[in-house]
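Here the structure comes first, spelled out in C-alpha cells, and everything after it is commentary.
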Amino acid sequence: MSPEEFRQHGHRVIDWIAEYLTNPSAHPVLARTRPGEVAAALPSSPPTDGEEFDAILQDLDDILLPGITHWNHPAFFAYFGISGSMPGILAEAIAAALNVNAMLWRTSPAATELEEVAVDWLRQLLGLPNDFRGHIQDTASTSTLVALASAREATGLDIRERGLAGRDVPPLRVYCSEEAHSSVEKAAITLGIGRESVRKIRTDDEFRMIPRALEEAIEIDRSAGDRPFCIVATLGTTSTTSVDPLPQLAAVARRFGLWLHVDAAYGGAAAVVPEIRDVTRGWEQADSIVVNPHKWLFVPIDCSTLFLRDPEITRRAFTLVPDYLQTPQGESVTNLMDYGHALGRRFRALKLWTTLRYFGESGLAARLREHIDLARAFAADVRRDPDWRVEAPVPFSTVCFRFTPPGLGDADTDALNERILEAVNATGEVFLSHTRLNGRYTLRLAVGNIRTEAGHVRDAWRLLRDAARNEQPRQ
C-alpha cells in the first residue's frame, strides 16, 4: 500500500471509528448471529490475489459487525463493563504502526522506560507505597500466573531448575476464597501444582474470605506435611465485587510466612477515588497486586499491571538469556522479558500513558465516582421494589440482584430470573450477565463504560421490570 493510499484509507478508518464511538447504541449490544454464521459468510480459502481495501471495509460492515458483541456500548452491563477510550484507541494505533517488541531495553528503550514511568504513575494514583515496582502483562490471568510462579520461587525449593516431578517435594498449597477468580486454579494447573492444591476458603454473609477458616486450613495442611506457600486475596470478586479482609489476611500471611497476592483486577482502580480508597486498606502489605487498567480505567484491552514488592524474585523465576539476547556488559537496564514467561512484548505502555495523561487523576476519579453513583442509584431502585432483592453489598459499581416474587420456590425463582435475563438481552438494548450466589441464580449489572449515563441504567431497570411482568407465571 502506498503512503497516499494509506493516508486515504486511514482517514476512512478514523472516520469509521469516530462514527462508531459517537453512536455505539445504533447496534444491538449482544451479537444476534447464530453459531457458524460469520464463518459461513467468509471464503473458506485465502484469496489468490490481493483484494482492494474498500472490499475489506465493506465486509467489516456487512459480515463482521453483525457478529460483534459491543463492549464499547454504553448499555453493556455484563461481566465487567469495560471500555476503550478515544485517547487509548489512538495510542493503540500508534503502537501498531511502531510495531516494536519491548523484550529487551535495547530493542526499544522508550517502550521499556515508558512502561516503568507509566506504571509508576498508576502506582501513585492508587496510593501504593513507593517500594512497589510494576510492569504490564496482557491480562489478570497472566499477572496471577506470574505472581504464583514468583511465590513458588520464593519457597526456595528450586522448582525452576529441578521441577516438581520425580522429586521428594511436599504438595504445595495455595489458598483463596470460594469466590476467587478461576485464574487462580488455571495458574495452579499451568504451574504443575494442580487444582487439588487450591484450597477454597469459606466466605461470610458478604462473600468475603473468613480469616479463621483460612488459618484452620493452613494448620491442617501443615500438620499433614504439605507446604502452604501462597494466599490469594481478592479486592473486588468477579461475582459480587466483595473485598476480602486484607489486613487480617496479611497478618495470617506474615504468621505463616506465606506470599500474599491481591487480585484487584477490577476493584483496585477504585483507589483512584480518594473518598473510597480506604476499601483497599491492607493491600500495601501484599507481595504482589494485579490491577487491570483495561477493566475500569478506560485503557483498551489488553493491559494488566502487576505490582511487585520484590521484583528480583520474579526475575529470578523467569530470566533466561541465550547468547542472542545477551545485554552488552556495563549496560545496567531493565529487560522486561525477565518478568514473565513471554519473550515478545507489545508496546502496551503507550496506551496506558496516553490515557493517564489525557484524563488526569481528577478526570479518572470523576468518571469512576459517577459509575459508583449510578450503580448505587440502581441498587436503591431495586430495594424500593418489594419483589426484587439486592443480593450482595455494592462497594463499587456492580449490583447483584434477583426477582423474588412471593409464592415461588428457589427452583422456580431461578428459572424465572433466567427467563428475565434472556428476555432483556434479546431486546438488544442492554446486555447483562448472571452468577450464582449461595446456589441461587442471580442477575448482575456492572457499570464501567465511559459512555454510560443515567438513562442507560434507567432503561435497564425498565426492561427488567417489563420482563418480570411478562415472564411471571399467571396465578
Side-chain angles (χ1 to χ4, degrees), residues 140-141 143-160 163-164 167-240 242-265 267 280-290 306-310 313-314 317:
S141 297
S143 290
T144 294
L145 173 66
V146 171
L148 264 63
S150 303
R152 191 183 67 175
E153 176 67 20
T155 64
L157 294 172
D158 198 24
I159 295 169
R160 169 197 156 99
L164 287 169
R167 294 179 58 197
D168 186 18
V169 178
L172 299 180
R173 304 301 186 198
V174 57
Y175 305 85
C176 63
S177 90
E178 57 193 3
E179 293 292 320
H181 193 269
S182 59
S183 60
V184 179
E185 290 180 86
K186 280 202 170 185
I189 293 168
T190 305
L191 294 171
I193 298 165
R195 288 184 67 192
E196 289 185 0
S197 287
V198 178
R199 301 296 199 221
K200 294 187 178 181
I201 308 303
R202 299 192 316 276
T203 56
D204 61 18
D205 291 342
E206 296 187 359
F207 307 99
R208 303 171 301 186
M209 192 192 306
I210 301 172
R212 182 56 197 153
L214 171 64
E215 290 182 292
E216 290 170 356
I218 294 172
E219 288 166 346
I220 290 170
D221 285 341
R222 291 180 66 183
S223 297
D226 299 344
R227 177 68 182 271
F229 78 105
C230 182
I231 299 168
V232 179
T234 308
L235 200 167
T237 56
T238 302
S239 285
T240 66
S242 295
V243 178
D244 286 336
L246 300 180
Q248 294 95 316
L249 299 185
V252 174
R254 286 196 304 271
R255 175 186 166 194
F256 291 102
L258 308 186
W259 185 283
L260 177 61
H261 174 61
V262 174
D263 179 354
T280 66
R281 187 170 58 88
W283 74 339
E284 71 283 353
Q285 301 177 60
D287 296 286
S288 55
I289 301 168
V290 55
L306 178 63
F307 295 96
L308 300 162
R309 182 176 297 281
D310 186 355
I313 296 175
T314 304

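The model shown is predicted, which means the values in this text are computed figures rather than measured ones. One is the number of the first residue; the rest follow in order along the sequence.
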* Is it true that Arg199 and Glu216 have a side-chain N and a carboxylate O under 4.0 angstrom from each other? -> no
d(Met209 CE, Gln248 CD) to nearest 0.5 Å is 11.5 Å
What one should report as the nearest heavy-atom pair of Ala233 and Leu246 is CB-CD2, 3.6 Å
Margin query: As a quick check of understanding, evaluate side-chain hydrogen bond (donor to acceptor under 3.5 Å, both in side chains) for Thr203 and Arg208, giving each step before the final call.
Written below: CA-CA 5 Å; Thr203 56; Arg208 303 171 301 186; over 6 Å; no
TODO: Using the side-chain contact (heavy atoms from CB on, under 4.5 Å) rule, take Ile313 and Asp287 through it: C-alpha gap first, then chi angles, then the decisive distance, then the call.
DONE: CA-CA 10 Å; Ile313 296 175; Asp287 296 286; over 6 Å; no
For Leu191, is there any backbone N or O sitting under 3.5 Å from a side-chain donor or acceptor partner on Arg152?
yes
Minimal heavy-atom distance between Asp221 and Pro228, with the atoms involved, is CB-CG, 4.3 Å
Set out, in order, the CA-CA distance, both residues' side-chain angles and the distance that settles side-chain contact (heavy atoms from CB on, under 4.5 Å) for Leu306 and Thr314, then state yes or no. CA-CA 11 Å; Leu306 178 63; Thr314 304; 5.6 Å; no
Exercise for review: Might you work through the side-chain contact (heavy atoms from CB on, under 4.5 Å) test for Ile193 and Phe229, ending with a clear yes or no?
Suggested key: CA-CA 11 Å; Ile193 298 165; Phe229 78 105; 3.6 Å; yes
Item to complete: Would you check if the side chain of Glu284 reaches a backbone N or O of Gly282 as a donor-acceptor pair within less than 3.5 Å?
Response: yes
Between Ser288 and His261 the two heavy atoms that sit nearest each other are OG-ND1, 2.7 Å
* To do: Look only at the side chain of Asp244 and the backbone of Thr234, and say whether a donor-acceptor pair between them is shorter than 3.5 Å.
  => yes
Heavy atoms of Ala286 and Ile289 approach each other most closely as CB-CG1, 3.9 Å
Original post:
Judged by atom type as modelled, is there a donor-acceptor pair below 3.5 Å linking the side chain of Ser242 to the main-chain atoms of Glu206?
Top reply: yes
- Walk me through it: do Lys186 and Leu145 pass the test side-chain contact (heavy atoms from CB on, under 4.5 Å)? CA-CA 8 Å; Lys186 280 202 170 185; Leu145 173 66; over 6 Å; no
### Task
For Asp263 and Ala265, indicate whether the former's side chain and the latter's backbone hold a donor-acceptor pair under 3.5 Å.
yes
CD1 (Ile189) and CD (Glu196) are apart, to the nearest 0.5 Å, by 11.0 Å
Rounded to the nearest 0.5 Å, the OG atom of Ser182 sits from the CZ atom of Arg195 at a distance of 9.5 Å
TODO: Count the heavy atoms of every other residue, nucleotide or ligand shown that sit under 6.0 Å from CZ of Arg167, and state whether that count exceeds 12.
DONE: yes
For Arg160 and Glu153, the nearest pair of non-hydrogen atoms, with its separation, is CB-OE1, 3.6 Å
Here the gap from Ser239 atom OG to His181 atom NE2, rounded to the nearest 0.5 Å, amounts to 9.5 Å
Taken to the nearest 0.5 Å, the spacing of Arg222 CZ from Glu219 CD works out to 8.0 Å
Are any of the side-chain heavy atoms of Cys176 and Val198 separated by less than 4.5 Å? yes
On a heavy-atom basis, the closest approach of Ile201 and Ala213 is CG2-CB, 3.7 Å
**Asked** Do the side chain of Arg227 and the main chain of Thr155 share a donor and acceptor less than 3.5 angstrom apart?
**Response** yes
(Q) Taking CZ in Arg212 as the centre, count heavy atoms belonging to other residues, nucleotides or ligands within less than 6.0 Å. Is the count above 12? (A) yes
Interatomic distance, OH@Tyr175 vs CD@Glu215, rounded to 0.5 Å, equals 12.0 Å
